[in-house]
Amino acid sequence: MTTSLLLQLSSLSAALLVPSTLAATPAQWRSRSIYQVLTDRFARADNSTVHPCDVTLNEYCGGTWKGIEYKLDYISNMGFDAIWISPITKNTADGYHGYYQTDLYSLNSNFGTAQDLKDLSQALHDRNMYLMVDVVTNHFGSETADDIDYASFVPFNDSSYFHSYCEIDYDNQTSAEICWLYDNLPDLRTEDQDVVDAYSTWIGELVANYSIDGLRIDSVKDVDKASMPPFCEAAGVYCLGELSNNDPSYAYPYQDVLNGGGIINYPIYFSFNETFIYSGHATTADLAYNIYLDRNNSVDSTLHGTFTENHDNPRVAWHNPDITVAANAIGWTLLTDGIPIIYYGQEQHLAGADDPGCREAMWLEENGSYNTTAPLHNTTAYLNQVRTWAVQNSANYTTTKNVALNYSDSQIAMQKDVIRTILTFAGEGQVASTFTTVGAGFGAGVTVVDVISCATYTATSAGEVTVGIGGGAMVVMLTAGFLAGSTICGY
Ligand SMILES: *[C@@H]1O[C@H](CO)[C@@H](O)[C@H](O)[C@H]1NC(C)=O
Ligand SMILES: *[C@@H]1O[C@H](CO)[C@@H](O)[C@H](O)[C@H]1NC(C)=O
Ligand SMILES: *[C@@H]1O[C@H](CO)[C@@H](O)[C@H](O)[C@H]1NC(C)=O
Ligand SMILES: *[C@@H]1O[C@H](CO)[C@@H](O)[C@H](O)[C@H]1NC(C)=O
Ligand SMILES: *[C@@H]1O[C@H](CO)[C@@H](O)[C@H](O)[C@H]1NC(C)=O
Ligand SMILES: *[C@@H]1O[C@H](CO)[C@@H](O)[C@H](O)[C@H]1NC(C)=O
Ligand SMILES: *[C@@H]1O[C@H](CO)[C@@H](O)[C@H](O)[C@H]1NC(C)=O
Ligand SMILES: *[C@@H]1O[C@H](CO)[C@@H](O)[C@H](O)[C@H]1NC(C)=O
Ligand SMILES: *[C@@H]1O[C@H](CO)[C@@H](O)[C@H](O)[C@H]1NC(C)=O
Ligand SMILES: *[C@@H]1O[C@H](CO)[C@@H](O)[C@H](O)[C@H]1NC(C)=O
Ligand SMILES: CC(=O)N[C@H]1CO[C@H](CO)[C@@H](O)[C@@H]1O
């Protein structure tokens with residue numbers, strides 16, 4: 001063990017005692033709605049609407065923490081009360097996304113100064129919003145694959161902290177943990193106590209220094225599982241682990257090592273993608289089945305991060321340009337279980353392809369208008385408003401698990417506590433028809449409001465309603481009684 005690590009270890013117990021009064025617990029995160037930004041691509045501090053950004057070049061385009069701060073009205077006016085930003089540590093020259101870190105103890109100066117980051121954190125907290133920071137514990141980054149300059153890494157300044165190079169065989173868990181994601185990403189020995197301890201010291205300080213409320217942890221399936229509990233313990237905040245895997249029985253148990261946190265819900269994302277965006281490849285029955293797989297395999301499915309777009313996958317509109325499909329995707333994200341995560345630009349119907357295509361510069365869209373009259377912007381704001389009403393007025397909303405009620409070829413009806421939703425995958429051309437919400441369990445004779453159309457229905461003695469469907473619109477039902485005082489549809 002090096003001297004620097006010993007010095008840092010000596011402050012470990014002190015770091016753990018740092019009061020975390022601003023830090024948020026998993027239970028507090030449940031009610032939140034997250035807006036994910038790629039820091040380099042969301043907003044520039046000079047408010048430029050013309051600064052070029054060719055996503056294929058994999059270069060910095062100039063987005064900053066200050067730029068995000070200037071756009072907090074745009075984000076909070078859509079009803080988001082948390083943001084997730086890119087990793088903040090110093091990176092290689094091409095690490096515009098933040099995942100090629102070289103020094104845990106220096107910030108990425110492309111994104112601003114320590115004061116800028118503190119200002120952003122403060123501005124968020126002033127609005128009662130949370131700050132989630134992306135962190136990487138699996139690897140460091142090097143400009144080149146040859147002659148890696150280990151001595152320049154902080155604090156892991158020796159090759160002995162890293163595994164020797166091997167290519168990952170993803171069918172082999174040991175290989176995933178000890179081999180390298182790419183040949184320029186030296187893989188840390190997260191099974192070694194000195195590495196775990198150094199990370200614990202660092203994260204405790206980082207959370208305290210910048211008043212961080214939650215962490216998104218990169219590539220959790222590629223680190224030693226046992227390294228996660230001490231890391232989250234030292235952080236003292238909600239941990240949201242990322243692992244891209246479609247197998248519920250493999251992915252969901254990772255929740256066990258995230259200290260009451262959750263995972264980025266990839267299993268349900270893959271199922272959703274096949275069902276919703278590629279209707280025909282899978283059916284709504286498969287999605288319904290997966291809702292139950294989630295419940296059956298998760299410690300708590302309400303603590304996962306739910307998403308339909310992110311910086312690593314093609315956007316919904318790239319798969320399917322139909323705007324009603326995109327609106328239903330937002331409906332799914334905001335109204336199923338878990339903590340919703342909307343990826344910047346999803347509300348503008350951006351259509352970027354797989355990484356790097358989906359990392360558009362937001363300021364170049366519609367000449368930097370951050371358009372607040374775009375149709376999906378309205379959908380997002382409105383459904384956040386509906387969800388927040390449910391969160392604030394039904395004590396059990398966030399913890400009551402979503403159930404699939406009924407489905408047809410292109411539609412699924414589901415219920416999460418006081419909200420019943422019918423999502424439609426048929427697109428704008430869908431012919432008008434009716435859909436009966438079998439098993440919705442409304443009180444006999446109660447007035448039910450579809451808050452999308454503001455149409456009202458009266459439940460039958462069996463507690464069912466037959467609602468009009470058409471044109472690819474989703475239906476979001478609450479009782480008129482529950483909506484009283486909300487202003488939604490005039491109630
Ligand atoms: C690592 O850093 C420590 C503290 O700065 C220093 O004492 C040590 O010599 C460095 N090790 C290497 C291999 O550069
Ligand atoms: C950018 O806009 C923010 C507020 O929206 C303003 O405070 C700041 O001064 C502007 N910066 C420049 C360089 O115009
Ligand atoms: C799994 O990967 C590890 C590390 O590369 C290797 O030692 C082991 O032989 C592999 N196991 C199998 C069954 O291939
Ligand atoms: C946190 O701030 C302290 C005091 O400025 C500094 O010594 C420490 O290196 C910082 N740690 C991190 C991870 O930012
Ligand atoms: C989404 O589904 C399509 C169609 O099956 C498939 O080609 C694509 O790889 C899927 N994408 C993801 C990220 O699973
Ligand atoms: C979930 O568990 C229940 C109760 O054990 C079982 O009846 C059901 O078949 C399971 N569903 C799935 C999709 O695994
Ligand atoms: C952006 O600005 C250019 C030049 O003023 C104009 O031609 C174009 O129509 C604008 N585009 C949008 C989407 O507003
Ligand atoms: C914003 O979106 C609306 C609706 O699509 C469109 O009519 C308007 O031109 C857009 N505004 C700008 C500045 O491009
Ligand atoms: C959405 O658009 C409708 C119709 O233009 C408007 O009445 C409503 O206030 C908007 N809702 C939100 C939350 O922006
Ligand atoms: C909320 O859940 C608790 C515990 O499961 C239960 O006792 C209570 O009745 C529920 N409240 C409502 C309004 O459903
Ligand atoms: C499984 C199930 O209950 N399916 C029903 C869902 O709703 C449609 C349309 O109302 C019915 O036709 C199905 O029988």
By the disulfide bond (SG atoms under 2.5 Å apart) test, which pairs, at least two apart or in different chains, include something from residues 307-377? none
Tell me if a side-chain donor or acceptor on Asp81 pairs with a main-chain N or O of Ser33 at a distance below 3.5 Å. yes
Among residues at least two apart in sequence or on other chains, which ones pass salt bridge (charged side-chain N to carboxylate O under 4.0 Å, His left out) with Arg359? Asp312, Asp355
Sorted by first residue and then second, give each disulfide bond (SG atoms under 2.5 Å apart) pair with at least one member in residues 199-240; sequence neighbours left out. Cys232-Cys239
Can you name the residues that form a salt bridge (charged side-chain N to carboxylate O under 4.0 Å, His left out) with Arg32, not counting sequence neighbours? none
Between Arg315 and Glu360, does any NZ, NE, NH1 or NH2 come within less than 4.0 Å of an OD or OE carboxylate oxygen? yes
Phe42 six-ring face occupied by Lys71 cation (under 6.0 Å, within 45°): no
So, using salt bridge (charged side-chain N to carboxylate O under 4.0 Å, His left out) as the criterion, who are the partners of Asp73 when residues are at least two apart? Arg127
Check against side chain to side chain contact (heavy atoms under 4.5 Å, CB included), Thr424 and Met474: CA-CA 6 Å; Thr424 298; Met474 77 187 102; 5.5 Å; no
Find the distance between CG (Leu124) and OG (Ser211) and round it off to the nearest 0.5 Å. 10.5 Å
Apply disulfide (SG to SG under 2.5 Å) to Cys61 and list each qualifying residue two or more places apart in sequence or on a separate chain. Cys53
Surrounding NZ of Lys416 (heavy atoms of other residues, nucleotides or ligands, distance under 6.0 Å), is the total greater than 12? yes
Test of understanding: with side-chain hydrogen bond (donor to acceptor under 3.5 Å, both in side chains), list the residues that count as partners of Thr302, not counting sequence neighbours. Arg30, Asp300
Test your reading of the model: is there a side-chain donor-acceptor pair from Tyr199 to the backbone of Ser227, 3.5 Å cut-off? no
Determine the sole option in Asp224, Asp187, Leu185 for which the side-chain contact (heavy atoms from CB on, under 4.5 Å) test with Asn138 is passed. Asp187
Side-chain contact, heavy-atom cut-off 4.5 Å: Tyr343 with Leu38? yes
To the nearest 0.5 Å, tell me how far Ile339 CD1 sits from Leu240 CG. 7.0 Å
Is the closest side-chain heavy-atom distance between Tyr210 and Val133 below 4.5 Å? no
By side chain to side chain contact (heavy atoms under 4.5 Å, CB included) - contacts of Trp318 (at least two apart): Pro314, Ala353
Check whether any side-chain N or O of Asn328 sits under 3.5 Å from a backbone N or O of Gly331 as a donor-acceptor pair, and report yes or no. no
Just by distance, do the side chain of Ser200 and the backbone of Val196 share a donor-acceptor pair under 3.5 Å? yes
Sub-3.5 Å donor-acceptor pair from the side chain of Thr113 to the main-chain atoms of Asp116, do we have one? yes
Given 3.5 Å as the limit, does a donor-acceptor pair link the side chain of His304 with the main chain of Ile263, or not? yes
Would you check if Asn245 and Tyr170 make a side-chain contact, meaning some heavy-atom pair closer than 4.5 Å? no
Side chains of Val223 and Met228: closer than 4.5 Å at any heavy-atom pair? yes
Report yes if the side chains of Val135 and Asp218 come closer than 4.5 Å at any heavy-atom pair, otherwise no. no
State yes or no: are the ring centers of Trp84 and Tyr35 separated by less than 6.0 Å? no
Closer than 3.5 angstrom, by distance alone: can the side chain of Asn313 be matched with the main-chain N or O of Glu309 as a donor-acceptor pair? no
For Glu177 and Thr174, which I'm curious about, is there any donor-acceptor pair between the side chains at under 3.5 Å? no
Checking the side chain of Thr400 only, and the main-chain atoms of Asp417 only, is there a donor and an acceptor separated by less than 3.5 Å? no
Give a yes or no answer on whether the side chain of Glu242 reaches the backbone of Ser219 with a donor-acceptor pair at less than 3.5 Å. yes
Do Leu334 and Asn384 make a side-chain contact, defined as non-hydrogen atoms from C-beta onward lying under 4.5 Å apart? yes
Is there a donor in the side chain of Asp169 and an acceptor in the side chain of Ser175, or the other way round, less than 3.5 Å apart? no
According to disulfide bond (SG atoms under 2.5 Å apart), does anything in residues 73-132 pair up with another residue at least two apart or in another chain? List the pairs. none
From Ile34 atom CD1 to Phe80 atom CZ, the distance as rounded to the nearest 0.5 Å: 10.0 Å
Who passes side chain to side chain contact (heavy atoms under 4.5 Å, CB included) against Ala351, sequence neighbours left out? Ala317
Is a side-chain N or O of Trp180 found less than 3.5 angstrom from the main chain of Ile168, in a donor-acceptor match? no
The residue among Asn265, Asn297, Asp247 that forms side chain to side chain donor-acceptor pair (under 3.5 Å) with Tyr252 is Asn265
Will you find, in the side chains of Thr336 and Asn402, an N or O donor that is under 3.5 Å from an N or O acceptor? yes
Using a distance-only test with no angle check, is there a side-chain donor-acceptor pair under 3.5 angstrom linking Thr92 and Glu143? no
Verify whether one side chain among His125 and Asp213 offers a donor that lies under 3.5 Å from an acceptor in the other. yes
Check against side-chain hydrogen bond (donor to acceptor under 3.5 Å, both in side chains), Asp119 and Gln115: CA-CA 6 Å; Asp119 289 349; Gln115 191 57 49; 3.0 Å; yes
For Asp222 and Leu181: C-alpha separation, side-chain torsions, deciding distance, then whether side chain to side chain contact (heavy atoms under 4.5 Å, CB included) applies. CA-CA 8 Å; Asp222 301 298; Leu181 288 174; 3.6 Å; yes
About how many Å separate CD of Gln346 and CD1 of Ile341, when rounded to the nearest 0.5 Å? 10.5 Å
Does Thr388 reach the side chain of Val386, with side-chain heavy atoms less than 4.5 Å apart? no
Partner of Asn371 under side chain to side chain donor-acceptor pair (under 3.5 Å), chosen from His377, Glu366, Glu365, Glu347: Glu366
Residue from Tyr60, Tyr100, Trp65 passing side chain to side chain donor-acceptor pair (under 3.5 Å) with Asn108: Tyr60
Verify whether the ring centers belonging to Phe153 and Phe162 lie closer than 6.0 Å. yes
Using salt bridge (charged side-chain N to carboxylate O under 4.0 Å, His left out) as the criterion, list what pairs up with Asp134, not counting sequence neighbours. Arg216
Close aromatic pair by centroid cut-off 6.0 Å: Tyr269 and Phe307: yes
ring-ring contact (aromatic ring centres under 6.0 Å, His included) for Tyr250 and Tyr254? Distances and angles first, verdict last. CA-CA 8 Å; Tyr250 172 82; Tyr254 270 90; 5.6 Å; yes
Phe270 meets the side chain to side chain contact (heavy atoms under 4.5 Å, CB included) criterion, sequence neighbours left out, with Ser244, Asn246, Tyr266
